[in-house]
Amino acid sequence: MSGERYNPRESEPKWQKVWDEARTFVTANDDPREPYYVLEMFPYPSGRIHMGHVRNYAMGDVVARYQRARGKNVLHPMGWDAFGLPAENAAIERKTHPGTWTYQNIESMKAQLQSMGLSIDWTREIATCDPSYYQHQQSMFIDMMQAGLVTRKSSKVNWDPVDMTVLANEQVIEGKGWRSGAPVEQRELTQWFFKISDFAEELLEALDTLTEWPEKVRTMQRNWIGRSEGLRLLFELVPSAKTDTRSIEVFTTRPDTIFGASFVGLSPDHPLATALATNNVALAEFIAECHRHGTATETLEKAEKQGFDTGLRVKHPVIEAETLPVYVANFILMDYGTGAIFGCPAHDQRDLELARKYGLPVKPVVLPPGADPASFAIGSEAYVDSGNIFNSGFLDGLSIGEAKTAIADFFGARTVDGRPQGQVEVNYRLRDWGISRQRYWGCPIPVIHCEVCGTLPVPKKDLPVRLPEDVTFDRPGNALEHHPTWKHVACPQCGSPARRETDTMDTFVDSSWYYTRFTAPHAKTPTIREVADRWLPVDQYIGGIEHAILHLLYSRFFTRAMKVTGHVGVDEPFKGLFTQGMVTHETYRSAAGTWVPPTEVIVETEGESRSARHITSGEPVTIGSVEKMSKSKKNVVDPDEIVASYGADTARWFMLSDSPPERDVQWTEAGVEGASRFQQRVWRLVCDVVSMARTTPGADSADAANALALGKLSHRAVAGVAQDIEGLRFNRAVAQIYELTHGLAKVRDGGGGPQTLAALRDGVCKLVQLIAPMMPHLAESCWAELGQSGLVADAPWPEVDPKMLVDDEVTLPIQINGKRRSEVTVAKGLSSGEVEALVLALDDIQKALDGKTPKKIVVVQDRIVNVVI
RNA sequence: GCGGGCGUGGUGGAACUGGUAGACACAAGGGACUUAAAAUCCCUCGCCGCAUGGCGUACGGGUUCGAUUCCCGUCGCCCGCACCA
């Protein structure tokens with residue numbers, strides 16, 4: 001056996017079969033051990049896994065296998081985020097049913113994942129497109145409807161003209177659809193919404209409890225929720241023949257600047273603006289112009305502030321006899337606050353731009369510290385920082401904060417139209433989550449529209465509302481809508497002819513609760529409450545940063561909604577969150593400028609310089625920048641090919657080495673080779689140590705000391721690797737394993753007495769256990785070679801003897817004036833006085849002192865000595 | 001524009017709460033073994049200098065016995081948000 005190279009192609013499928021047959025990774029819900037739930041974001045079944053998946057699942061698998069070794073009852077499931085548009089596109093292209101395409105993809109991707117040797121409980125596999133999954137989603141939708149968490153309203157929506165569907169705000173990136181990239185249009189549609197905004201305050205506050213989340217993600221969610229405190233304020237209209245409306249309600253976060261108000265602004269979509277436009281052609285044209293610009297040309301022209309003077313005037317609320325003009329302005333949003341503002345040009349940049357354009361007064365009311373009240377004036381930039389209020393009657397001299405309180409009290413006590421003129425209010429940027437999608441391949445919204453009874457939920461006994469199989473995709477839009485019979489149904493209440501809802505749910509709904517379904521994937525109800533509560537929240541969730549807002553915020557909302565409807569007892573779905581970096585690769589271009597895949601390139605190194613040429617034609621190829629692996633730049637490396645040539649363990653090991661997991665990692669040929677060499681080195685070490693055990697060691701005077709040193713090395717590695725895995729610092733765990741391997745190999749080459757050889761064997765066994773979470777197949781082969789019983793996958797994590805972690809001696813560096821000049825080895829814990837005496841006696845130090853007395857000697861126990869001359 | 005993060009050898013990166021900067025790996029160079037190659041093993045590897053030594057963690061300052069780490073300023077890169085009143 002020894003002397004042979006390790007052959008992953010043979011070994012890996014063998015161990016996968018062994019684990020499978022032994023049901024090693026099948027998790028029981030009634031296992032009494034402490035539960036630990038580790039989850040990687042489940043994939044969309046596109047058909048092939050990519051290196052990003054390999055990295056993600058390798059990390060999760062390390063955590064899962066480590067926690068198993070630690071004696072936890074580990075839940076590590078896998079499923080498929082299987083609804084979504086690509087299946088429909090494929091259906092159009094290939095004339096297959098989206099389901100057929102999806103399930104074929106699932107099958108091939110599952111085989112790929114299985115070839116990675118992941119410790120996954122495949123008995124819990126779920127696919128969101130399966131009625132056995134989505135029927136529960138429909139059932140919970142009905143529960144949430146009845147709990148008042150769902151609404152249906154007509155609203156302006158983001159319409160993706162390419163995908164022909166509605167997008168949520170979160171799915172619009174820089175004015176373009178997140179999937180299609182097409183400029184988004186505004187349309188008015190009746191939509192289903194989850195009332196996520198009801199939870200805005202709670203979702204915001206609870207972020208503080210998510211201490212195991214990256215700060216970055218929490219900040220992003222905080223900004224997204226966008227809480228702002230302000231005042232709702234009524235402006236009385238000066239009576240006019242143009243309207244019967246008597247007041248305009250605005251929202252402001254700067255009521256302290258009310259004395260500087262010079263206009264009131266309305267959104268082009270404000271009801272008053274709309275009403276005025278019916279008798280005013282110019283205004284109607286202005287509003288239409290605003291709509292035309294809308295979101296489409298957002299970046300181009302948004303700098304330009306434009307307004308339209310309605311001719312109406314409002315009474316200034318604090319300055320007697322003064323009135324202000326009412327403008328319709330293009331930059332005011334209807335769906336934030338009240339859709340109306342008051343403009344204080346001196347202290348708001350947008351208001352200032354409008355004021356300058358139309359010659360409105362600019363009166364400063366906040367005085368910057370140190371500025372002269374008589375001469376302070378606003379130029380082209382509004383003053384938005386702190387200062388004291390002036391030019392403001394009874395507010396003069398107050399700070400901004402004090403003035404806000406004072407003015408809120410003032411308006412709170414006055415009434416307009418029988419209402420308080422001002423009311424403190426908190427606003428959020430977060431809007432309700434629109435979930436209607438005009439698509440076939442999604443979870444049908446279980447609702448029936450009856451002309452007599454209105455909109456009704458489908459009775460639960462009639463669930464699931466299944467997608468019809470016989471659909472065609474020969475015209476754009478919603479195939480459910482086009483289906484000849486599917487939508488016609490009898491009203492469940494009165495029996496008269498009614499119509500099914502043909503919208504399906506946003507696929508983010510599917511992924512908002514899959515982690516819960518994994519806890520009881522075959523239950524007849526959406527969840528089994530006690531089981532879910534035992535597993536949740538997920539201890540460690542791992543995935544891409546691109547889901548920082550969408551998926552993670554929706555899931556946090558959905559968990560709360562499931563709590564309200566009694567399906568779970570927890571608030572937060574994910575206790576620990578880790579966002580891993582991307583996998584990148586060099587790009588290559590031919591002389592003609594076309595991208596060339598790495599498989600067709602040979603890279604040559606000559607000294608410092610690298611050059612590349614095409615593998616068959618020999619033509620030179622330009623080496624380009626390092627980019628995220630993408631089909632468009634052809635810089636992808638196929639995991640299948642890597643597994644076939646180097647084995648899964650090598651791919652996994654490489655993905656975990658070197659780069660910190662939260663950062664991008666560059667896939668390189670050399671790096672893979674290195675990983676593969678290490679695999680062979682470990683195997684050789686194990687084989688050598690096994691054969692050494694058959695020889696009789698000679699006597700050795702240093703035997704006990706060498707054995708102790710080796711023992712310390714091994715124990716230290718075990719403790720260090722454990723710490724690094726728990727902190728998800730896989731690159732450092734890998735470095736420590738390398739160090740241990742070097743140490744063991746040195747002893748193997750040097751030999752030693754019986755105690756040393758015993759320590760060597762023990763160290764090698766520990767090494768095998770340390771690599772087991774990362775290179776599980778190799779570890780099993782080594783474990784067997786070492787003659788250990790059972791599977792290393794079932795072996796408990798090696799015990800660390802705390803005594804082996806401490807040294808009784810330490811080497812202290814000695815600095816002179818902060819520069820390292822010497823060192824001294826002393827007993828651990830030696831007092832400062834004793835160290836000082838020892839140091840001063842040293843030749844090096846005496847020489848440096850040159851007869852002088854040091855000014856000061858700093859001794860940090862067991863750390864460092866600094867002699868100041 | 002606003003918010004957040006980062007900047008360490010040829011490269012990826014280590015360095016616990018301020019205490020020997022460059023662990024570990026990749027690349028490179030040299031050597032051993034070999035008929036040869038592959039594989040493997042050993043050595044060198046921040047910069048300058050023959051050397052005692054000096055300089056080095058983007059740059060400029062500061063605090064400290066001591067700074068990659070803390071503070072201020074400058075430059076550069078990356079990410080998120082972007083008319084939210």
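Atoms considered below: every heavy atom in the structure, side chains included; atoms not considered: hydrogens, waters and symmetry mates. Below, chain A is the first sequence line, B the second, and so on; all start at residue 1.
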Quiz item: Which residues within residues 660-669 of chain A lie with some heavy atom under 4.0 Å of an atom in RNA chain B?
Solution: A:Pro660, A:Arg663
Quiz prompt | Stretch residues 225-234 of chain A: residues that reach within less than 4.0 Å of RNA chain B through a heavy atom | solution = A:Ser228
Where do N or O atoms of nucleotides 61-68 of chain B meet protein N or O atoms at under 3.5 Å, pair by pair?
unit_1: B:C65; atom_1: O2'; unit_2: A:Asn866; atom_2: ND2; d: 3.1
unit_1: B:C65; atom_1: O2; unit_2: A:Asn866; atom_2: ND2; d: 2.6

Under 4.0 Å between a side-chain N/O of [X] and OP1 or OP2 of [N], yes or no?
| X | N | result |
| --- | --- | --- |
| A:His270 | B:A85 | no |
| A:Arg677 | B:C26 | yes |
| A:Asn731 | B:A14 | yes |
| A:Arg863 | B:U20 | no |

Quiz item: Base, sugar-phosphate, or nothing: which does A:Phe251 touch, judged by heavy atoms less than 4.0 Å apart?
Solution: base
Practice problem: Using a 4.0 Å heavy-atom cut-off across all strands, classify A:Ser657 as base, sugar-phosphate, or nothing. | Solution: nothing
Quiz item: Is the closest basic N to carboxylate O distance between A:Arg820 and A:Glu823 below 4.0 Å?
Solution: yes
Quiz prompt | Non-neighbouring partners of A:Glu201 that pass side chain to side chain donor-acceptor pair (under 3.5 Å), sequence neighbours left out | solution = A:Arg227, A:Tyr428
Quiz prompt | For A:Tyr358, all residues meeting side chain to side chain donor-acceptor pair (under 3.5 Å), sequence neighbours excluded | solution = none
Return the set of residues passing salt bridge (charged side-chain N to carboxylate O under 4.0 Å, His left out) with [X] (not counting sequence neighbours), or none when no residue passes.
| X | result |
| --- | --- |
| A:Arg55 | none |
| A:Arg716 | A:Asp807 |
| A:Glu627 | A:Lys633 |

Practice problem: Output every pair passing salt bridge (Lys or Arg N to Asp or Glu O under 4.0 Å) with a member in residues 214-224 of chain A, not counting sequence neighbours, ordered by first then second residue. | Solution: A:Asp208-A:Arg222, A:Glu215-A:Arg218, A:Glu215-A:Arg222
Quiz item: Under the salt bridge (Lys or Arg N to Asp or Glu O under 4.0 Å) rule, what pairs show up with a residue in residues 650-678 of chain A, not counting sequence neighbours?
Solution: A:Asp61-A:Arg652
Quiz item: What would the secondary structure line of RNA chain B be in dot-bracket form, counting Watson-Crick and G-U wobble pairs under 3.5 Å, with [ ] for pairs that cross earlier ones and | for pairs with another strand?
Solution: (((((((..(((......[....))).(((((.......))))).(((....)))..(((((..]....))))))))))))....
Side-chain donor-acceptor distances from residues 859-869 of chain A under 3.5 Å, at least two apart:
unit_1: A:Gln861; atom_1: NE2; unit_2: A:Gly829; atom_2: O; d: 3.1
unit_1: A:Gln861; atom_1: NE2; unit_2: A:Leu830; atom_2: O; d: 3.3
unit_1: A:Asp862; atom_1: OD1; unit_2: A:Gly829; atom_2: N; d: 2.8
unit_1: A:Asp862; atom_1: OD2; unit_2: A:Gly829; atom_2: N; d: 3.4
unit_1: A:Asn866; atom_1: OD1; unit_2: A:Gly818; atom_2: N; d: 3.1

